[in-house]
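We number each residue from 1, following the sequence as shown. In this text, all values refer to a predicted model and were calculated from it rather than measured experimentally.
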Amino acid sequence: MYSHGSESLIKQAREIQEPELQKFYSRLVKLLQGKEFGHETIDSLQRLHLILSSSKHTSEISTMFICVCVCFSNQPVPIAELDGTVSGDFFTVLCVGQGFTEDQWMNVYSFSMLRHWLLTYHSVSSDDRSEVDGSVVSMVSATSSSSRLLPPKERLREKAFQYCLRLIEQSDRKAHKRTDTELQKACLVEAVCILDCVCVEDASLVYRTFPCVKALFGRLSSDLTFARVLLPIAQFYLNHGEMAAVDCESVWKLVFGQFPAELFNDPFLAHELLRFLRLNLESLQLRVPQYTRSFPNLLKFLAWDSPAVVDDFVDLLPSLVTAETAVELFHTLLDLPCLSATLVLQLRSTCSPISESGGRGLLSLDAFRSPSFRGLFLFLLRAEAGSGDTIDRLSTLHELLAEAVDWQRVVQCAQTVPVLLHIFFNTVVTAADEKLLAHLILAMLERSSLLLNLPTYIKEIHRVFSCHLLRLCKLHPSLVVDQSHELLEFAGTTANVYSKEEIYTHVVWVLGEYLSVSCDSRCSVRLITSCFEALEAVLFEITSSAPPPGAACPAPRVVTTLMSALAKLASRSHDLIPRVSLFLSKLRTVTRGGSVAWCSDEEDLIAIVTRGEELWSLLKTPGVAQSVLTPPQHVTTPQWHRDTNVSMPLQLRTLTSLTHSQ
C-alpha cells in the first residue's frame, strides 16, 4: 500500500494533460542544457520517470523520455583545465571532464598521431593526405576562416602549430594531481617536437614559434625535474637557433653542464641525452663548441653505468677526439674507474652513517670529505676540459681508492676502458700530427705505472698500449728518434721487465727495429751505442741473478727480444758486434750446466739458447746479419714472385751455407 502522499503524486502523474506535459518537457530540456545539474534537474528527472511509469500515454511519453536523454548525452560535458578552472578555449588532451564526446576522444587520438603525420606527409598519396587532414580537424575547433583557405598540407601545419601553442599555455597551470603533472610533461615533450617538425618544414614559422619556446625554456630551466622536456627544447634551439639569431649559450650550459653533473644516475635521461648526441653529431660538432669540451662531464654517464651506455660511447667517442682534447681525453679514459668510484662516494657522502656491509667505515669516503684531498676528487668531477691533462698526485689518488677496486660499478667501468682506448687510438692516428703522437707515446709510458690497482685492468691496458705503440712507430718511425731519450729511460729500467712485461717487450722491439739510418737519417752511431748499452745492462742483470723477491722469472719473450734488439743494433754499428757475440757465447756456456736462477722452465731455457745461437751465427758475417736483421724496405714489403732479379735468394743461400758449416 502507498502512503497518502505517494498516491497523490501517482494520481497527478496519471491525470497530467498534454499542454502541461509539453510545458514540463520544455522546462526539463532547458535544465539539461545548463552547465551544472542541480537539485531541480534531479527532481524533474525523477518526476519524468514517475510520469513514464504511470501515464496512460506511454508511447508518447517514452518518445519524449528518449529525446530528453539524447539531449720486451549529446550535450558536451563541462570541460576544465588541470588547475580546475573552466576551460575558455578549444579542447586539448590537457583538458579534463567527467566524460568526453566522440569528437573529443578523436582529438586525443589525433594528437598521438600528429607528429607521425607531419613526418610522413610527403610520402603518402593525395587521397591519404586528404584523410589525414580531415582527421586533424577534430584537434582544433573552428579557428579563423583564413586557415580553412590554406592548402591541406599548410592547413595541417597551421592547426598543429595552434594546438601546440595551446598545450604550452596549458602546461603553465598547476595540476592538482601528480599524474596530471606527468601528463603535462609528456604533452610538452610532444608539443615541442611537433613545433620543431613544423618549423623544419616551414621556416617562416620559426619566428612565430621561438618566443613561445624561449619563454618555456626560461620557465623550466631552473627545475631539473623537467629535463625530459628541456632536451626537445635543446633540439629546437639546435635546429633553428642560428636562423633566429638566438643566443643558445644557456641551453648548452644546461645540457652539457648540469644534466651530466647532477643527473648522471638517471638512466632515462642518460638514454635520452646520449641519443640526442648521436642523432645530432654533425650539427653539434659544427655549431656547438661546448660539445667537445664537455667530455669530462659526459663520461660520467659511462662511469656510472657502463653496460647500459657503452654502445653509445662507441659511436660518440671519435667525435670527441680533436688535437686540442686528445691528450686530456686519453688520461680521462684511463681514470674512468677512479671517476666511477668518486661518483659513488659523491652520492654516499649525502648519507649517514656510511659503512660497508660488515660495518667498517669507508676510508675513501673520509678522504673524499677531507680538504687535503678535495682537489684530487674535484678534478675528476670537473665539468669541462681545459684545466689540465691530468693531476700530479695520481698515485695518491689510487691509494685513497684502493678499497673501491672490487665495487661492481668500478669493475664494470674498468672493463670498458680497453675497448674505448682502441677506438681512441684508431681515431687519433688519422687526425693527429707527429707532435701530438709523440706526446701520446710519452703519456703511455708514464701511465703504464699509474693505473688503479685492478690487476686484470692493468694487464689489458698494457696490452692496448703495446698494440698501438707498435702501430704509431710503424706509421711514423721518426717518433722513435724523437722520443729516444724517454724510450731508453723506460727500457733501461730493469724493474719494468718484471712489472710491465707486455709494454716493455714492445718498447725494446721498436728501439731495435727503428733506431736505424734507413728509418731516420738523424739516427747517429752515438744514439745506437747509447741504446745498446742501456739494453745490454738490463739483459746482463736479468740473466746473471735471480728475480727480485716476489717477482716471477723474466718471460722468455723479454729475454729473446732484448737479444734480438742488441743484435740488430750491433749490425748497424759493427764495433758493437764483439760485445753482443761475447754475451751470446757466455749464455751458451752458462746454460750447459743445467738450470739457471733466472729461468725455471727447461723448455723456455732451450728456446732462449737456440735464439742466442742463431743470432751469434748471423753476427759472424756482419754483412749478412745487417741484410737479415735490418733489411731494406723492398725486402720488408717483398715481391719476390714478381721480380727474379732481387738479391734476397742469394743471401738466403749464403746464410744457409754458413749455418750448415757450423
#### Entry: For Arg374, all residues meeting side chain to side chain contact (heavy atoms under 4.5 Å, CB included), sequence neighbours excluded
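Once residues adjacent in sequence are excluded, the partners of Arg374 under the side chain to side chain contact (heavy atoms under 4.5 Å, CB included) criterion are Phe368, Leu378.
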
Return the minimal non-hydrogen interatomic distance between [X] and [Y], and the atom names on each side.
X      : Y      : result
Asn265 : Pro267 : O-CD, 3.2 Å
Ala341 : Ala404 : CB-CB, 3.7 Å
Leu380 : Leu339 : O-CD1, 3.4 Å

Would you give me the side-chain donor-acceptor pairs under 3.5 Å for residues 449-457, sequence neighbours excluded?
| unit_1 | atom_1 | unit_2 | atom_2 | d |
| --- | --- | --- | --- | --- |
| Ser449 | OG | Glu446 | O | 3.3 |
| Tyr457 | OH | Leu334 | O | 2.7 |

If I take atom [atom1] from residue [X] and atom [atom2] from residue [Y], how far apart are they, to the nearest 0.5 angstrom?
X      : Y      : atom1 : atom2 : result
Leu216 : Ser171 : CG    : OG    : 6.0 Å
Gln184 : Leu167 : CD    : CG    : 10.0 Å
Glu158 : Leu205 : CD    : CG    : 7.0 Å
Ser283 : Gln235 : OG    : CD    : 8.0 Å
Leu376 : Ile391 : CG    : CD1   : 5.0 Å

Between [X] and [Y], does at least one N-O distance fall below 4.0 Å, as a salt bridge requires?
X      : Y      : result
Lys459 : Glu502 : no
Glu399 : Arg393 : no
Glu169 : Arg166 : yes
Lys300 : Glu262 : no

Would you say [Y] and [X] are linked by a side-chain donor-acceptor pair, where the criterion is simply a distance under 3.5 Å?
X      : Y      : result
Glu460 : Gln415 : no
Arg471 : Asn426 : yes
Glu384 : Asn297 : no

message: Please check: side-chain N/O of Lys500 versus main-chain N/O of His462, any donor-acceptor pairing under 3.5 Å?
response: no

- Item | Donor-acceptor pair, side chain of Glu201 and main chain of Arg157, under 3.5 angstrom |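 Looks like no, no N/O pair under 3.5 Å.
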
Steps toward side-chain contact (heavy atoms from CB on, under 4.5 Å) verdict (Arg228, Leu188): CA-CA 9 Å; Arg228 59 181 297 198; Leu188 273 178; over 6 Å; no

Name every donor-acceptor pair, under 3.5 Å, that has one atom in a side chain of residues 430-441 and the other anywhere in the protein, sequence neighbours excluded.
| unit_1 | atom_1 | unit_2 | atom_2 | d |
| --- | --- | --- | --- | --- |
| Thr430 | OG1 | Thr427 | O | 2.6 |
| Asp433 | OD1 | Lys435 | N | 3.4 |
| Asp433 | OD1 | Leu436 | N | 2.9 |
| Glu434 | OE1 | Ser478 | OG | 2.9 |
| Glu434 | OE2 | His476 | ND1 | 3.4 |

Looking at side-chain heavy atoms only, is the closest gap between Asp366 and Phe373 below 4.5 Å? no

All N/O donor-acceptor pairs, side-chain side in residues 303-320, below 3.5 Å, sequence neighbours left out:
| unit_1 | atom_1 | unit_2 | atom_2 | d |
| --- | --- | --- | --- | --- |
| Ser306 | OG | Leu302 | O | 2.6 |
| Asp312 | OD1 | Arg278 | NE | 2.6 |
| Asp312 | OD1 | Arg278 | NH2 | 3.3 |
| Ser319 | OG | Tyr291 | OH | 2.6 |
| Ser319 | OG | Leu316 | O | 2.6 |

Q | Summary of ring pair (Phe, Tyr, Trp, His ring centres under 6.0 Å) pairs that have at least one residue in residues 198-221, sequence neighbours excluded | A |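 Passing the test, one end in residues 198-221: Phe210-Phe236, Phe210-Tyr237, Phe217-Tyr237.
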
### Message
I need the full list of salt bridge (Lys or Arg N to Asp or Glu O under 4.0 Å) pairs touching residues 176-190, with sequence neighbours left out, sorted by first then second residue.
### Response
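Qualifying pairs: Arg115-Glu190, Glu182-Lys185.
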
| message | Are Phe276 and Phe256 an aromatic pair, judged by ring center distance below 6.0 Å? | response |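 Between Phe256 and Phe276, the centre distance exceeds or equals 6.0 Å.
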
Problem set entry | CZ (Arg219) with more than 12 external heavy atoms under 6.0 Å | yes

